[in-house]
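Counting starts at 1 for both ligands and their atoms, in listed order.
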Amino acid sequence: MKNSLFKEFTKRYNKPAVNSYFSPGRVNLIGEHIDYNGGLVMPCAITFGTYLLLSPNEDGVFRFQSLNFDDELTIPVQGNYVKTGDGWYNYPLGVINHFINDGHQLTGLDLFFSGDIPIGSGLSSSASIEVVTAFALNEFFNCGYSKLDLVKLSKSVENNFIGVNSGIMDQFAVAFGEKNKALMLNCDTLDYQAVDSNLDDYVLAIINTNKPRKLAESKYNERVQECAAALKLLQQQLDIKHLCDIDTDTFNKYNNLISDKIILNRATHVIEENDRVKLAAEALKNNDLAGFGRLMYASHKSLRNLYEVSGKELDAVVDYCATDNNVAGARMTGAGFGGCAIALVKQDAFEDFSQKVTAYYMKKIGYAPSVYSSLIGDGVGIMPEFEDARS
Ligand code: GLA
């Protein structure tokens with residue numbers, strides 16, 4: 001893998017790459033749509049990710065090329081960039097823009113990206129490309145940012161340059177991920193613990209619905225606004241900064257402040273989901289995978305009925321899982337509106353599961369999902385001597 005990317009770089013730019021970096025994607029085990037409400041989340045980095053190779057140039061330009069997309073960009077080193085169309089290169093361009101605005105003297109670079117995260121699948125391909133770019137620039141130009149600075153900076157690019165009002169979970173997970181650990185992250189304080197994701201004889205399956213996520217960004221921003229509206233109503237009587245500052249019991253005492261049914265549903269999901277994460281952390285600590293699995297199903301149900309970010313494709317996967325005795329729990333992961341579901345599947349039944357969920361999904365939806373058995377990997381870094389752990 002590494003060799004072929006280096007060869008491709010030389011072919012494209014007529015000179016060798018001098019550095020290479022890798023940032024993973026992520027799955028979120030539980031705690032969905034609550035990072036931007038100051039909640040607790042439980043993501044982990046996966047072994048799919050984004051590779052970045054680079055080399056300086058003397059031409060005073062940034063050149064962006066990708067193995068995954070045909071469109072390319074060459075742009076003078078000057079800053080004050082704005083998002084241009086929907087091209088993939090807007091993500092690294094936004095990061096470069098941020099570095100320049102912060103006063104760093106960047107010089108010309110030839111950049112080559114390659115990723116194996118299915119795009120738009122809810123596995124954070126965007127956070128992955130942002131963070132790998134930020135990490136690379138920081139290393140290459142010695143800018144002195146901490147890893148947490150890089151996370152915050154990448155989130156700011158997503159919010160202000162790309163225009164999606166996402167929380168901090170994805171950038172945090174792909175930067176701080178650790179092999180075989182889930183991160184218990186408090187999105188208000190940014191305190192986190194890396195906890196052993198001891199799955200015993202279960203594996204984490206990722207089921208990509210292969211449904212393109214149309215309108216995902218505008219729907220996402222709509223949910224963020226709905227939560228802000230709920231918070232404002234509760235703040236009439238409660239001294240809170242985030243929806244997740246209260247638990248379900250307190251919420252039940254004050255939810256009469258919210259008369260709009262939709263806003264009430266959104267807030268109910270957020271506050272109950274935060275409580276579920278606390279229970280899930282306990283279950284994981286006690287090796288109670290059955291309990292963890294039940295919380296996953298409850299999370300999905302709430303995302304489907306109250307938060308309305310699932311869809312028939314994700315529901316088909318989770319509905320199948322509920323009928324399979326070899327599955328402890330399943331839910332959609334990430335923003336939703338298509339993308340991926342995850343499931344805890346008995347290791348020795350994985351092949352059987354994969355065939356059956358595929359058959360069920362095809363019958364219901366009309367085309368096949370992609371099913372992977374996922375490994376929990378490390379966060380961003382210099383590209384390792386890469387042995388493909390998935391092959
Ligand atoms: C997307 C966002 C995250 C988070 C999830 C939903 O992945 O980027 O910040 O809000 O959706 O949990």
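Every atom of ligand 1 with a heavy atom of Tyr36 under 4.0 Å away is listed here by number and element: 10 (O). In summary, the atoms of ligand 1 found under 4.0 Å from a heavy atom of Gly167, numbered by their order in the structure, are 9 (O).
Considering backbone and side-chain atoms together, His33 places an N or O closer than 3.5 Å to an N or O of ligand 1.
Under a 4.0 angstrom heavy-atom cut-off, Gly334 registers as being in contact with ligand 1. Distances shorter than 4.0 angstrom do not occur between any heavy atom of Met332 and any atom of ligand 1.
Only the side chain of Arg26 comes within contact range of ligand 1, with a heavy atom under 4.0 Å; no backbone atom does.
A search for side chain to side chain donor-acceptor pair (under 3.5 Å) contacts involving Thr209 returns nothing, not counting sequence neighbours.
Looking only at atom types and distance, the side chain of Asn208 has a donor-acceptor partner in the side chain of Asn210 under 3.5 Å away. Residues Asn159 and Ser156 have side chains that never bring a donor and an acceptor to within less than 3.5 angstrom of each other. Side-chain contact of Asn37 with His242: a donor-acceptor pair under 3.5 Å is absent, judged by distance alone. At a cut-off of 3.5 Å, with distance as the only test, no side-chain donor of His98 or Asn160 sits close to an acceptor on the other residue. Using modelled atom types, one finds no donor on one side chain facing an acceptor on the other under 3.5 Å when comparing Asn221 with Ser218.
The shortest contact between atom 5 (C) of ligand 1 and any protein heavy atom is with Met169 CE, 3.8 Å.
Residue Asp170 holds the heavy atom nearest to atom 1 (C) of ligand 1 of all those in Asp170, Leu303, Leu123. Of the options Asp35, Asn159, Val41, Asn37, the smallest heavy-atom separation from atom 3 (C) of ligand 1 is shown by Asp35. The nearest non-hydrogen atom to atom 2 (C) of ligand 1, considering only Phe172, Tyr307, Phe337, Tyr220, comes from Tyr220.
A salt bridge does not link Lys155 with Glu158: every distance from a Lys NZ or Arg NE/NH1/NH2 to an Asp or Glu carboxylate oxygen is 4.0 Å or more.
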